[in-house]
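Beneath this line is the structure, given in structure tokens, with notes to follow.
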Amino acid sequence: MSTTAIFVRKLVVLKMKRLVLTLTWMLWLSLCGRCMSQVQPRLPPGQQVPCFFIFGDSLVDNGNNNGILTLARANYRPYGIDFPGGATGRFTNGRTYVDALAQLLGFPTYIPPHSRARGLELLRGANYASGAAGIRDETGSNLGAHTSMNDQVANFGNTVQQLRRFFRGDNDSLSSYLSKCLFFSGMGSNDYLNNYFMPDFYSTSSDFTVKAFASALLQDYSRQLSQLYSLGARKVIVTAVGQIGCIPYQLARFHGNSTRCNEKINNAILLFNSGLKKMVQNFNGGQLPGAKFVFLDFYQSSSDLSSNGASFGFDVIDKGCCGVGKNNGQITCLPMQQPCENREKYLFWDAFHPTELANILLAKASYSSQSYTYPINIQQLATQ
């Protein structure tokens, strides 16, 4: 069977799975009639939460940027070279972190992008993430259009309005349903990468000290996460910003005498991450009654993968598998460019993003252990 035929066959199977799941929901509703307000739908076997809602940037975007005018898009080969659906708009060679996490949570299919999610499909969640997005609205505008965190929260508000119709306007039943769902929010990377440390395009580095900028970000982020809470979010994973001073994009530009990475950027990020962990503690300490937040330390995980790459099977930790120039990080992966063949040996897929294997390793570690999660792991959060 040809490669094209295999690809088409996989794509058909994936679409059929989504169709079967949607038809199952429709059948359940037709049998239930008006009882949606009294009875919660049963979960498919092995699925631990009824729905999964995702907010973030290109680390978890799965196609929301495909139809907008932006340089921050990945709906072309070789992106998705190892993904069953091909180049869907995911900024890696295969699965993202949330794809791998959804599988661990027992979802039979991947969570759909908000741009394509319709009707009953929203009952199992949606992905609102957008490449180049940040906590601040102007972040990432150097790359073109995107959906900022403020806009992503607004989009979820619209989703809640749609879901209310399925629950016949019964707000208590809808709130109960959403309280069992899992929410993921990974924001902040672009506020540094495509804002504060881009002085030729943004004025924030002259308007704020590093400490003041972190405080401003945290204030905005606290408001946004509180809005999600007011819309029904109760089980929330919040990620720290990763060690972006060590990504191929920065390594290609940094010329330090004593350090490999750009520690100026890393130290700025640590200020934000420290404040974010305290925010999670405050949310869990009664500031948001009934909420359970988990802090996911992407900074420590990316540091461990880089420092101990060989133990995880990575031979190359400082270059992208696909890209142009020094460290394959000066220009990110170009359309139809030939990537490296041994992708499982690379920590980074391109100038900015990890490979599928790195995403899977982090998903497994954060799901079942507390290596990078606080105060509990994600499996515990899902089952509480």
Side-chain angles (χ1 to χ4, degrees), residues 53-61 64 97-98 114 127-141 146-157 182-198 202 204-205 207-244 265-289 291-300 302 366 372-375 381:
F53 293 99
I54 299 153
F55 305 82
D57 52 30
S58 58
L59 290 171
V60 292
D61 184 356
N64 287 310
Y97 169 82
V98 292
H114 171 255
N127 185 332
Y128 303 85
S130 173
I135 295 168
R136 294 173 68 91
D137 286 340
E138 81 275 8
T139 290
S141 57
H146 61 276
T147 308
S148 69
M149 183 59 174
N150 281 325
D151 290 336
Q152 290 181 36
V153 173
N155 286 339
F156 176 65
L182 204 63
F183 290 74
F184 172 95
S185 183
M187 278 289 183
S189 296
N190 286 309
D191 293 290
Y192 288 96
L193 197 59
N194 286 299
N195 192 329
Y196 193 77
F197 287 103
M198 194 172 280
Y202 301 94
T204 44
S205 59
D207 296 337
F208 298 92
T209 64
V210 172
K211 185 176 181 180
F213 186 66
S215 296
L217 284 180
L218 290 165
Q219 184 176 2
D220 287 342
Y221 203 21
S222 177
R223 171 182 52 78
Q224 292 159 349
L225 293 172
S226 296
Q227 287 176 331
L228 287 180
Y229 171 85
S230 69
L231 289 166
R234 292 297 181 271
K235 297 181 179 182
V236 187
I237 305 161
V238 179
T239 71
V241 175
Q243 199 179 31
I244 58 176
I265 294 178
N266 285 340
N267 289 334
I269 288 166
L270 286 171
L271 277 175
F272 172 82
N273 289 345
S274 176
L276 184 60
K277 189 173 184 178
K278 290 177 183 176
M279 185 193 301
V280 166
Q281 291 172 329
N282 291 337
F283 285 163
N284 289 337
Q287 187 173 324
L288 298 179
K292 299 182 181 71
F293 277 72
V294 165
F295 175 79
L296 176 55
D297 196 345
F298 269 5
Y299 188 96
Q300 188 60 51
S302 57
S366 58
Y372 305 115
T373 57
Y374 170 87
L381 178 67

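Note that the structure is a prediction, hence the values are computed from the model and not measured.
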At their closest point, which heavy atom of [X] faces which heavy atom of [Y], and how far apart are they?
| X | Y | answer |
| --- | --- | --- |
| Ala129 | Val60 | CB-CG2, 3.6 Å |
| Thr239 | Gly186 | OG1-CA, 3.0 Å |
| Ala291 | Asn284 | O-OD1, 3.7 Å |
| Gln227 | Val153 | OE1-CG1, 3.7 Å |
| Pro375 | Val294 | CD-CA, 4.5 Å |
| Tyr192 | Ala268 | OH-O, 3.6 Å |

Side-chain heavy-atom pair [X], [Y] within 4.5 angstrom cut-off:
| X | Y | result |
| --- | --- | --- |
| Tyr196 | Ile265 | no |
| Val238 | Tyr221 | yes |
| Met149 | Leu228 | yes |
| Arg234 | Tyr229 | yes |
| Phe184 | Asn127 | no |

Hey, can you tell me if Phe55 and Phe156 have their rings parallel, tilted or perpendicular (30° and 60° cut-offs)? perpendicular
Interatomic spacing from [atom1] in [X] to [atom2] in [Y] - rounded to 0.5 Å:
| X | Y | atom1 | atom2 | answer |
| --- | --- | --- | --- | --- |
| Leu182 | Leu381 | CG | CG | 5.5 Å |
| Ile269 | Ser274 | CD1 | OG | 13.5 Å |
| Leu296 | Ser185 | CG | OG | 11.0 Å |
| Met279 | Ser222 | CE | OG | 4.5 Å |
| Glu138 | His146 | CD | NE2 | 8.5 Å |
| Ile54 | Phe183 | CD1 | CZ | 11.0 Å |

Distance alone, cut at 3.5 Å: any donor-acceptor contact between the side chains of Tyr97 and Ser366? yes
Without hydrogens or angle criteria, can the side chains of Thr139 and Asp191 be said to hold a donor-acceptor pair below 3.5 Å?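 Yes - a donor-acceptor pair under 3.5 Å links their side chains.
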[X] side chain vs [Y] backbone, donor-acceptor pair below 3.5 Å:
| X | Y | value |
| --- | --- | --- |
| Ser302 | Gln243 | yes |
| Asn190 | Ala133 | yes |
| Asp61 | Gly131 | yes |
| Gln224 | Ile135 | yes |
| Asn194 | Ala132 | no |
| Tyr202 | Gly140 | yes |
| Gln300 | Tyr372 | no |

Step by step, work out the side-chain contact (heavy atoms from CB on, under 4.5 Å) result for Gln152 and Asn64. CA-CA 11 Å; Gln152 290 181 36; Asn64 287 310; over 6 Å; no
Step by step, would you call Tyr128 with Thr147 a side-chain contact (heavy atoms from CB on, under 4.5 Å)? CA-CA 8 Å; Tyr128 303 85; Thr147 308; over 6 Å; no
Is the centre of the Phe295 ring less than 6.0 Å from the centre of the Tyr374 ring?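 Ring centres of Tyr374 and Phe295 not closer than 6.0 Å.
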For residues 208-220, please give each side-chain donor-acceptor pair under 3.5 Å, one per line with the distance, not counting sequence neighbours.
from   : atom 1 : to     : atom 2 : distance (Å)
Thr209 : OG1    : Ala212 : N      : 3.0
Ser215 : OG     : Lys211 : O      : 3.2

